[in-house]
Amino acid sequence: MTVPPESTPGPADARLRHAPVPDRLAVLLADHDDPVYLVGGAVRDALLGRTAHDLDFAVRAGATRLAFRVADALGLPAFAMDRERDVARVVLPDGGTYDFAAFRGPSIDADLRARDFTVNAMALPAAIGAHPTLIDPLGGRADLAARRLRLAYAGALVDDPLRALRGVRLGHQLGLVPVPDTEAAMAAAGPSLGSVAPERIRDELLHLAAAADPAGAFRRLSAAGLLRPTLPELAALEGVAQDPPHHEPVLAHTWRILHWLEAIELTLLGSAAPPADRFAAEIDEVAQALAGFAPSLGARLAQRVAGGLDGRQLLRWGALWHDAGKAVTRTVELDGRVRFLGHAEAGARLAGGRLRQLRFGNEAIGHLRALVAGHMRPLFLANEPAVSRRAIFRFFRATEPAGPDIALLALADHLATYDGPGDHPSAGRPA
């Protein structure tokens, strides 16, 4: 194999002195018939000084056989993901994975050139003792240093339109800016997403919603022209105006509520949530509101539900959909007042339909529908002259088991409406 100029050792390779492959695994891979290469995101992350929890390996042939041999040696489960393309996965106890795949071509060079983006088209020898010279035929290391997102080849998104969503995720996570040709190709891929399996789209959207700064992630999705092809009900909220006390149109308000939810998560989960330096003022406000409730609510957010989602992810999806019904319920009264009567119930129906289409599990759909349908109830209680213990009991009885999550969503909604606690405890008139 001819090593391209970009593969010669340089200052950036100091981080690659040892390939980010556990020693025991590297010894096993050294016994394979052909050289095994670490590829994709783990190599990119190693250049950035990050630790990857999922490792992808490429080999000329026998990838499935190699995966099962590794699994047997390590006492781990494995399964074939695509026998025709010779792809298999080993599952680690902590949820991480080792994926093994045959080359997408006759050589590692050809395999890398057939990938999605240049920053994912790099490889390292995986066997222990191998010289960790970076294999980088498309200049991915230079693109990573320059924070550029560039397609590995012109037809990458035509061959798999889902890569456009992956490009949004990479751009958000790594601060990469698409070059003009890549940006245009990502926007053009939107109509073709209808040909992609809904489960694959769901998984990319879950990654965006789970990311640090999910508001920024979905703004990127919208700016790339990919919100309407994936979540058209949310795209319909663009520019939908609403009266005070709201200070933003509905879609912008939706992004802001995600921001405030992060502050709530940080208060409840500590180090498991995003860095505190993005929430200097917000944390103080949220901590006061949640004083005494953090341990129990934090445990609730970390709890897993069907489909592998946890309470934190469900709450973020509830925030995304909480006002989805406003585009279809908006009316303007004779005095000019804007109303959204029944928007919570309409939003719950819209969310249920879209989430079923994306193959979410029934338990997750039911919980999210309850979140959206009930998100106004705490506001109605807050507008009462006094809230009795009986009223609180009735609220939790009616909303069980989603009641605590509805309360957190209502808190984030209030904070997003005023971009802070506001001048008085009441959230104002219901819309």
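This structure is a prediction, so every number in the text was calculated from the model and none was measured. Position 1 is the first residue of the sequence, and the numbers go up from there.
Considering all non-hydrogen atoms of both residues, R359 and R202 come closest at O-NH1, 2.8 Å. Across Y37 and A123, no two heavy atoms sit closer than the pair CB-CB, 4.3 Å. When every heavy atom of W317 is checked against every heavy atom of A209, the shortest pair comes out as NE1-CB, 3.4 Å. In terms of heavy-atom proximity, L237 sits nearest to D323 at CD2-O, 3.6 Å. Here the shortest heavy-atom pairing between L409 and I257 reads CD1-CD1, 3.9 Å. Counting all heavy atoms, side chain and backbone alike, R163 lies closest to A114 at NH2-O, 3.4 Å.
Residues V240 and L251 form no side-chain contact, since every pair of their non-hydrogen atoms from C-beta on lies 4.5 Å or further apart. Using a 4.5 Å heavy-atom cutoff, the side chains of L165 and L221 are in contact. Residues L170 and R44 meet the side-chain proximity criterion, which asks for heavy atoms closer than 4.5 Å. With a 4.5 Å cut-off on side-chain heavy atoms, D86 and V59 do not count as touching. Counting only heavy atoms from C-beta outward, the side chains of D143 and F117 never approach each other to under 4.5 Å. Considering only heavy atoms from C-beta on, L193 comes within 4.5 Å of T230 through its side chain. Using a 4.5 Å heavy-atom cutoff, the side chains of V36 and L66 are in contact. The shortest side-chain heavy-atom distance between V70 and L29 falls under the 4.5 Å cut-off.
The pair D160-R200 meets the salt-bridge criterion, since a charged nitrogen lies less than 4.0 angstrom from a carboxylate oxygen. Under a 4.0 Å N-O distance rule, the pair D243/R337 does not qualify as a salt bridge.
Remark: N120 CG to R166 CZ distance equals 7.5 Å, nearest 0.5 Å. Interatomic distance, D109 CG to F103 CZ, rounded to the nearest 0.5 Å: 10.0 Å. In this structure, the separation between CG on L368 and CD on E363 is 10.5 Å, given to the nearest 0.5 Å. Here NE2 of H375 is found 10.0 Å from CD1 of I406. Values are rounded to the nearest 0.5 Å. Between the CG atom in L144 and the CG atom in L174 there is a gap of 6.5 Å [rounded to 0.5 Å]. Taking CG of L297 as the reference point, atom CD1 of I264 lies at 9.5 Å (rounded to 0.5 Å).
Remark: R85 CZ is loosely packed, at most 12 non-hydrogen atoms of other residues, nucleotides or ligands lying under 6.0 Å away. Heavy atoms from other residues, nucleotides or ligands lying under 6.0 Å from CG of D82 number more than 12. Counting heavy-atom neighbours within 6.0 Å of D203 CG, excluding the residue itself, gives a total above 12. Around atom CD of E333, more than 12 heavy atoms belonging to other residues, nucleotides or ligands sit under 6.0 Å away. Within 6.0 Å of CZ in R60 there are 12 or fewer heavy atoms belonging to other residues, nucleotides or ligands.
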Evaluation steps, side chain to side chain contact (heavy atoms under 4.5 Å, CB included), between L309 and L206 = CA-CA 9 Å; L309 300 179; L206 283 171; 3.6 Å; yes
message = Quick one, D99 with D54, criterion side chain to side chain contact (heavy atoms under 4.5 Å, CB included). Give me CA distance, side-chain angles, the key distance, then yes/no.
response = CA-CA 8 Å; D99 284 356; D54 301 318; over 6 Å; no
task = I would like to know whether I201 and L162 meet side chain to side chain contact (heavy atoms under 4.5 Å, CB included); could you show each step before the answer?
result = CA-CA 7 Å; I201 294 175; L162 186 80; 4.0 Å; yes
message = Assess the residue pair F340 and V328 against the criterion (side chain to side chain contact (heavy atoms under 4.5 Å, CB included)); give the C-alpha distance rounded to whole Å, side-chain angles, the decisive distance to 0.1 Å, and a yes or no.
response = CA-CA 8 Å; F340 302 99; V328 297; over 6 Å; no
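Of the possible polar contacts, none joining the D310 side chain to the Q303 backbone as a donor-acceptor pair under 3.5 Å is found. In this structure, H247 contributes its side chain and T417 its backbone to a donor-acceptor pair below 3.5 Å. With T182 contributing its side chain and P178 its backbone, the two residues share no donor-acceptor pair below 3.5 Å. With hydrogens and angles disregarded, no donor-acceptor distance shorter than 3.5 Å links the side chain of E183 to the backbone of A224. For E262 (side chain) and D213 (main-chain N/O), a donor-acceptor pair under 3.5 Å exists by modelled atom type. Checking side-chain atoms of R113 against main-chain N and O of A121 turns up no donor-acceptor pair under 3.5 Å. Here the side chain of R89 pairs no donor or acceptor atom with the backbone of T97 at under 3.5 angstrom. For the pair R316 (side chain) and L261 (backbone), a donor-acceptor distance under 3.5 Å is absent. Remark: side-chain polar atoms of T254 are paired, donor with acceptor, to backbone N or O of V250 under 3.5 angstrom. For the pair R312 (side chain) and E265 (backbone), a donor-acceptor distance under 3.5 Å is absent.
Side-chain N/O atoms of W260 and D413 include no donor and acceptor closer than 3.5 Å. Residues Y153 and D159 bring a donor and an acceptor atom of their side chains to less than 3.5 Å of each other.
Ring geometry, H414 versus Y418: the interplanar angle falls from 30° to 60°, so the pair is classed tilted.
The one candidate from V179, D181, L176 that meets the side-chain contact (heavy atoms from CB on, under 4.5 Å) condition with R150 is V179. The one candidate from V372, T329, L350 that meets the side-chain contact (heavy atoms from CB on, under 4.5 Å) condition with H343 is T329.
Within the 6.0 Å centre-distance limit, the rings of H322 and H253 are counted as a close aromatic pair.
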